[in-house]
Amino acid sequence: MSVVGIVLAAGAGTRYGHPKALATDADGRGWIARAVETLTDAGCAPVLVVLGARHDEATALVPAAATIVVAADWSDGLSASVRAGLAVAAETAATAALVVPVDVPELPASACIRVSADASAETLRQAAYGGEVGHPALIGRAHWSALAAELAGDRGAGGYLRAHGAALVECGDLWHGRDVDAPPPRHPSLRAAFARP
(Lines give C-alpha, C1' and ligand atoms only; values in the text may rest on other atoms or scores of the structure.)
Protein backbone atom coordinates (compact mmCIF):
# COMPACT_ATOMS: atom_id res chain seq x y z
CA MET A 1 0.00 0.00 0.00
CA SER A 2 1.45 3.38 -0.97
CA VAL A 3 0.98 6.58 1.00
CA VAL A 4 1.24 10.09 -0.47
CA GLY A 5 2.52 12.78 1.88
CA ILE A 6 0.81 16.17 1.92
CA VAL A 7 2.36 19.24 3.58
CA LEU A 8 -0.12 22.07 4.16
CA ALA A 9 1.83 25.33 3.84
CA ALA A 10 -0.53 27.75 2.11
CA GLY A 11 -1.70 30.03 4.92
CA ALA A 12 -0.73 33.64 5.53
CA GLY A 13 0.49 32.90 9.06
CA THR A 14 -1.21 35.97 10.52
CA ARG A 15 -0.40 35.12 14.14
CA TYR A 16 3.11 34.06 13.21
CA GLY A 17 3.85 37.33 11.40
CA HIS A 18 4.41 35.87 7.91
CA PRO A 19 3.55 32.69 6.02
CA LYS A 20 4.87 29.66 7.87
CA ALA A 21 6.00 28.31 4.51
CA LEU A 22 8.85 30.83 4.82
CA ALA A 23 9.75 29.88 8.41
CA THR A 24 13.09 28.40 9.39
CA ASP A 25 14.39 26.69 12.51
CA ALA A 26 17.22 27.92 14.73
CA ASP A 27 19.75 26.44 12.30
CA GLY A 28 18.23 28.31 9.36
CA ARG A 29 16.64 25.18 7.86
CA GLY A 30 13.23 25.74 6.31
CA TRP A 31 10.19 24.12 7.88
CA ILE A 32 9.07 22.96 4.45
CA ALA A 33 12.35 21.09 3.92
CA ARG A 34 12.01 19.48 7.34
CA ALA A 35 8.45 18.35 6.63
CA VAL A 36 9.37 16.90 3.24
CA GLU A 37 12.31 15.01 4.73
CA THR A 38 10.16 13.68 7.58
CA LEU A 39 7.46 12.38 5.25
CA THR A 40 10.06 10.92 2.88
CA ASP A 41 11.81 9.16 5.78
CA ALA A 42 8.40 7.77 6.78
CA GLY A 43 8.06 6.16 3.36
CA CYS A 44 5.65 8.59 1.72
CA ALA A 45 5.87 8.93 -2.06
CA PRO A 46 5.28 11.29 -3.63
CA VAL A 47 5.34 14.21 -1.20
CA LEU A 48 3.15 17.18 -2.14
CA VAL A 49 3.66 20.67 -0.72
CA VAL A 50 0.61 22.91 -0.89
CA LEU A 51 1.55 26.59 -1.18
CA GLY A 52 -0.58 29.74 -1.30
CA ALA A 53 0.39 33.01 0.37
CA ARG A 54 3.65 34.34 -1.11
CA HIS A 55 4.02 31.09 -3.01
CA ASP A 56 6.51 32.66 -5.38
CA GLU A 57 8.94 33.08 -2.47
CA ALA A 58 8.11 29.75 -0.83
CA THR A 59 8.69 27.79 -4.03
CA ALA A 60 12.43 28.24 -3.67
CA LEU A 61 12.29 26.52 -0.25
CA VAL A 62 10.65 23.34 -1.53
CA PRO A 63 13.12 20.47 -2.01
CA ALA A 64 13.42 19.19 -5.57
CA ALA A 65 12.15 15.78 -4.46
CA ALA A 66 8.72 17.21 -3.62
CA THR A 67 5.88 18.27 -5.91
CA ILE A 68 4.54 21.81 -5.53
CA VAL A 69 0.78 22.34 -5.50
CA VAL A 70 -0.49 25.93 -5.52
CA ALA A 71 -3.89 26.48 -3.90
CA ALA A 72 -5.14 29.47 -5.90
CA ASP A 73 -7.98 29.99 -3.42
CA TRP A 74 -5.76 29.66 -0.34
CA SER A 75 -7.28 32.80 1.21
CA ASP A 76 -10.56 30.88 1.62
CA GLY A 77 -8.88 29.06 4.52
CA LEU A 78 -7.43 25.69 5.42
CA SER A 79 -10.14 23.85 3.51
CA ALA A 80 -8.77 25.16 0.22
CA SER A 81 -5.31 23.77 1.00
CA VAL A 82 -6.63 20.33 1.89
CA ARG A 83 -8.80 20.20 -1.24
CA ALA A 84 -5.87 21.23 -3.45
CA GLY A 85 -3.62 18.57 -1.95
CA LEU A 86 -6.21 15.82 -2.26
CA ALA A 87 -6.98 16.78 -5.86
CA VAL A 88 -3.37 16.21 -6.88
CA ALA A 89 -3.08 13.12 -4.66
CA ALA A 90 -6.00 11.66 -6.60
CA GLU A 91 -3.82 11.72 -9.73
CA THR A 92 -1.40 9.30 -8.06
CA ALA A 93 -1.81 5.59 -7.32
CA ALA A 94 -1.60 6.17 -3.55
CA THR A 95 -3.88 4.20 -1.25
CA ALA A 96 -3.93 6.87 1.48
CA ALA A 97 -2.64 10.35 2.26
CA LEU A 98 -0.62 11.32 5.32
CA VAL A 99 -1.37 14.99 5.98
CA VAL A 100 0.75 17.35 8.08
CA PRO A 101 0.74 21.12 8.56
CA VAL A 102 4.05 22.88 7.99
CA ASP A 103 4.08 24.30 11.54
CA VAL A 104 5.15 21.08 13.28
CA PRO A 105 8.88 21.24 12.45
CA GLU A 106 9.78 18.87 15.30
CA LEU A 107 7.45 16.11 14.07
CA PRO A 108 9.54 12.92 13.90
CA ALA A 109 9.29 10.36 11.12
CA SER A 110 8.58 7.76 13.80
CA ALA A 111 5.17 9.34 14.53
CA CYS A 112 4.36 9.38 10.82
CA ILE A 113 5.35 5.73 10.50
CA ARG A 114 3.19 4.76 13.47
CA VAL A 115 0.13 6.60 12.19
CA SER A 116 0.50 5.32 8.62
CA ALA A 117 0.93 1.67 9.63
CA ASP A 118 -1.56 -0.69 7.96
CA ALA A 119 -2.73 2.02 5.57
CA SER A 120 -5.69 1.10 3.39
CA ALA A 121 -8.16 2.97 1.19
CA GLU A 122 -10.70 2.93 4.05
CA THR A 123 -8.30 3.98 6.82
CA LEU A 124 -8.86 7.02 9.02
CA ARG A 125 -6.19 7.48 11.71
CA GLN A 126 -4.94 10.48 13.63
CA ALA A 127 -2.05 11.00 16.02
CA ALA A 128 -2.80 11.77 19.66
CA TYR A 129 -0.52 13.13 22.36
CA GLY A 130 -1.57 12.31 25.89
CA GLY A 131 -5.03 11.67 24.48
CA GLU A 132 -5.18 15.07 22.73
CA VAL A 133 -5.71 14.93 18.97
CA GLY A 134 -2.76 16.17 16.91
CA HIS A 135 -0.80 15.57 13.70
CA PRO A 136 -0.34 13.79 11.38
CA ALA A 137 -3.60 12.37 10.01
CA LEU A 138 -3.92 9.42 7.67
CA ILE A 139 -6.84 9.57 5.26
CA GLY A 140 -7.66 6.58 3.07
CA ARG A 141 -8.39 7.18 -0.59
CA ALA A 142 -12.03 6.10 -0.24
CA HIS A 143 -12.63 9.21 1.90
CA TRP A 144 -10.97 11.85 -0.29
CA SER A 145 -13.97 12.86 -2.37
CA ALA A 146 -16.38 12.98 0.57
CA LEU A 147 -13.92 14.94 2.68
CA ALA A 148 -13.23 17.48 -0.09
CA ALA A 149 -16.97 17.99 -0.57
CA GLU A 150 -17.49 18.70 3.15
CA LEU A 151 -14.62 21.14 3.61
CA ALA A 152 -15.37 24.85 3.95
CA GLY A 153 -13.68 27.97 5.26
CA ASP A 154 -10.81 27.68 7.71
CA ARG A 155 -11.60 24.12 8.76
CA GLY A 156 -9.37 21.22 7.95
CA ALA A 157 -10.11 17.51 8.10
CA GLY A 158 -10.65 17.38 11.87
CA GLY A 159 -14.43 17.49 11.79
CA TYR A 160 -14.63 14.75 9.16
CA LEU A 161 -12.19 12.56 11.07
CA ARG A 162 -14.21 12.89 14.30
CA ALA A 163 -17.54 12.30 12.57
CA HIS A 164 -16.27 9.16 10.87
CA GLY A 165 -14.61 7.61 13.90
CA ALA A 166 -10.95 8.05 13.03
CA ALA A 167 -8.77 5.83 15.20
CA LEU A 168 -6.48 7.74 17.55
CA VAL A 169 -2.88 6.57 17.55
CA GLU A 170 -1.01 7.59 20.71
CA CYS A 171 2.37 9.13 19.87
CA GLY A 172 3.10 11.01 23.10
CA ASP A 173 6.11 8.79 23.72
CA LEU A 174 7.68 10.06 20.49
CA TRP A 175 7.39 13.85 20.87
CA HIS A 176 5.29 16.61 22.47
CA GLY A 177 2.88 17.05 19.56
CA ARG A 178 2.59 20.86 19.67
CA ASP A 179 2.50 23.13 16.64
CA VAL A 180 4.27 26.51 16.50
CA ASP A 181 1.99 29.55 16.42
CA ALA A 182 4.45 32.32 17.29
CA PRO A 183 8.04 33.05 16.30
CA PRO A 184 10.69 32.63 19.00
CA PRO A 185 11.80 35.76 20.89
CA ARG A 186 14.63 37.51 19.06
CA HIS A 187 16.76 38.33 22.09
CA PRO A 188 19.00 35.39 23.11
CA SER A 189 18.28 35.79 26.85
CA LEU A 190 14.54 35.49 26.19
CA ARG A 191 14.91 32.57 23.83
CA ALA A 192 16.00 30.26 26.64
CA ALA A 193 13.08 31.30 28.81
CA PHE A 194 10.62 30.51 26.04
CA ALA A 195 12.28 27.25 25.00
CA ARG A 196 10.08 24.19 25.11
CA PRO A 197 10.91 21.53 27.68
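- Residues Val50 and Val102 do not share a hydrophobic cluster, defined by chaining ILVMFWY side chains whose heavy atoms lie under 4.5 Å apart.
- A salt bridge is defined here as a Lys NZ or Arg NE, NH1 or NH2 lying under 4.0 Å from an Asp or Glu carboxylate O, and Arg178 with Glu132 fails to meet this definition.
- A donor-acceptor pair under 3.5 Å is formed between the side chain of Asp154 and the backbone N or O of Leu78.
- Of all non-hydrogen atoms in Gly140 and Ala96, the two that sit nearest each other are CA-CB, 3.9 Å.
- Looking only at distances, a side-chain donor or acceptor of Arg141 sits under 3.5 Å from a matching main-chain atom of Ala94.
- Closest approach of Cys44 and Val4 over heavy atoms only: CB-C, 4.3 Å.
- His143 and Ala121 make their closest contact through CD2-O, 4.1 Å (heavy atoms, listed as atom of the first residue, atom of the second, distance).
- Ring-centre distance between Trp31 and Tyr16: below the 6.0 Å cut-off.
- When atom types are taken as modelled, the side chain of Glu170 and the backbone of Gly131 share a donor-acceptor pair closer than 3.5 angstrom.
- A side chain to side chain contact (heavy atoms under 4.5 Å, CB included) with Ile6 is found for exactly one of Leu86, Thr67, Ile139, Val100, namely Leu86.
- Although no hydrogens or angles enter the test, the distance criterion places a donor-acceptor pair under 3.5 Å between the side chain of Asp25 and the main chain of Asp27.
- Of the inter-residue distances, the one linking Leu168 atom CG with Arg162 atom CZ reads 10.5 Å to the nearest 0.5 angstrom.
- Of all heavy-atom pairs between Gly156 and Leu151, the closest is O-CD2, 3.1 Å.
- What you find for Val69 and Ala84 is that their closest heavy atoms are CG1-O, 3.7 Å.
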Legend entry - Check against side chain to side chain donor-acceptor pair (under 3.5 Å), Tyr129 and His176: CA-CA 7 Å; Tyr129 300 90; His176 54 70; over 6 Å; no

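- A donor-acceptor pair under 3.5 Å is formed between the side chain of Ser79 and the backbone N or O of Gly153.
- In this structure, Leu107 and Cys112 approach most closely via the heavy-atom pair CD2-SG, 3.6 Å.
- The existence of a salt bridge linking Arg54 and Glu57 is confirmed by a sub-4.0 Å separation between a basic side-chain nitrogen and an acidic carboxylate oxygen.
- The main-chain N or O of Ala167 is never found under 3.5 Å from a side-chain atom of Arg125 such that the two would form a donor-acceptor pair.
- In this structure, CD1 on Ile32 lies 7.0 Å from CG on Leu22, to the nearest 0.5 angstrom.
- Between the side chain of Thr123 and the backbone N or O of Ala119, no donor-acceptor pair lies under 3.5 Å.
- No donor-acceptor distance shorter than 3.5 angstrom exists from the side chain of Lys20 to the backbone of Ala10, with no hydrogens or angles considered.
- Salt bridge status for Asp173 with Arg114: present, with a side-chain N to carboxylate O gap under 4.0 Å.
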